[in-house]
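Written below as structure tokens is the structure these notes are about.
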Amino acid sequence: MFAVLVDFIIADGMEDKFHDAIQAHAKNSREKETGCLLFDACVNPESPHEVFLYELYTDEAAFKAHQASEHFAQFEERAGAWITSKTVRLFTKLES
């Protein structure tokens, strides 16, 4: 299991556009990628410019395939200018 956590800060006035774009991107990822197990987009209810992603993939290769996908490139092109800050954290599941 490969987990990806992403924190975004969105430019003032672009929150609604970003929210729409990230929801479409999450849906595309879940529906088009067999290695994408979960892709949740969350927003801080008190600060709509703060967005958090929680993504789960079968493995790191599935995440790399996600990054190479056409819909990832389209999202980056569409929403990139609206992002003022982006922090990505990567984790693997501890095996018991």
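As a basis for the values below, the full set of heavy atoms in this structure was taken, side chains included, without hydrogen atoms, waters or symmetry mates.
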Tell me every residue that passes salt bridge (charged side-chain N to carboxylate O under 4.0 Å, His left out) with K17, counting only those two or more places apart in sequence or in another chain.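 Salt bridge (charged side-chain N to carboxylate O under 4.0 Å, His left out) list for K17, sorted by chain: empty.
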
Please list, chain by chain and in numerical order, all residues satisfying salt bridge (charged side-chain N to carboxylate O under 4.0 Å, His left out) with K86, sequence neighbours excluded.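 By the salt bridge (charged side-chain N to carboxylate O under 4.0 Å, His left out) rule, K86 matches E76.
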
Within a reach of under 6.0 Å around CD of E77, are more than 12 heavy atoms found that belong to other residues, nucleotides or ligands?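 Incorrect, the count does not exceed 12.
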
Exceeds 12 heavy-atom contacts within 6.0 angstrom, atom CG of D12: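 It does not: D12 CG has 12 such atoms or fewer within range.
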
Side chain proximity check, [X] to [Y], heavy atoms < 4.5 angstrom:
{"X": "V88", "Y": "V4", "value": "yes"}
{"X": "E33", "Y": "H71", "value": "yes"}
{"X": "I22", "Y": "L53", "value": "yes"}

What residues, two or more places apart in sequence or in another chain, satisfy side-chain contact (heavy atoms from CB on, under 4.5 Å) together with Y54?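 Scan of Y54 (side-chain contact (heavy atoms from CB on, under 4.5 Å), adjacent residues dropped) gives L5, L38, F52, L56.
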
The test is side-chain contact (heavy atoms from CB on, under 4.5 Å); show your working for D7 and E50 and say whether it passes. CA-CA 7 Å; D7 291 299; E50 295 179 35; over 6 Å; no

Atom pair CD/CD of E60 and Q67 - distance to nearest 0.5 Å: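 The CD atom of Q67 is 9.0 Å from CD of E60, to the nearest 0.5 Å.
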
Taking atom NE2 of H19 and atom CH2 of W82, what is their separation to the nearest 0.5 Å?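 Separation between the atoms: 11.0 Å.
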
Pair T84-I10, side-chain contact (heavy atoms from CB on, under 4.5 Å): steps then yes or no: CA-CA 6 Å; T84 61; I10 307 308; over 6 Å; no

Taking the inter-plane angle between the rings of F72 and H66 on a 0 to 90° scale, is it parallel (under 30°), tilted (30 to 60°) or perpendicular (over 60°)?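 Perpendicular: the ring planes of F72 and H66 meet at over 60°.
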
Hey, can you tell me if F39 and H25 have their rings parallel, tilted or perpendicular (30° and 60° cut-offs)?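 Because their plane-to-plane angle is over 60°, the rings of F39 and H25 count as perpendicular.
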
Report the C-alpha separation of K27 and Q23 in whole Å, then their side-chain angles, then the decisive distance to 0.1 Å, and conclude whether the side-chain contact (heavy atoms from CB on, under 4.5 Å) test is met. CA-CA 6 Å; K27 183 176 189 276; Q23 287 177 303; over 6 Å; no

Any link between V6 and L37 through a network of hydrophobic side chains (Ile, Leu, Val, Met, Phe, Trp, Tyr) touching at under 4.5 Å?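 Per the 4.5 Å side-chain linkage, V6 and L37 are not co-clustered.
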
Would M1 end up clustered with F63 when hydrophobic side chains under 4.5 Å apart are linked, directly or stepwise?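 No, no single cluster joins them.
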
What's the shortest heavy-atom distance between S29 and C36, and which atoms?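 What the structure gives for the nearest pair is O-CB, 3.5 Å.
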
Would F8 and F18 count as a ring pair (Phe, Tyr, Trp, His ring centres under 6.0 Å) if you check the C-alpha gap in whole Å, the side-chain angles of each, and the deciding distance to 0.1 Å? CA-CA 10 Å; F8 291 105; F18 184 84; 5.1 Å; yes

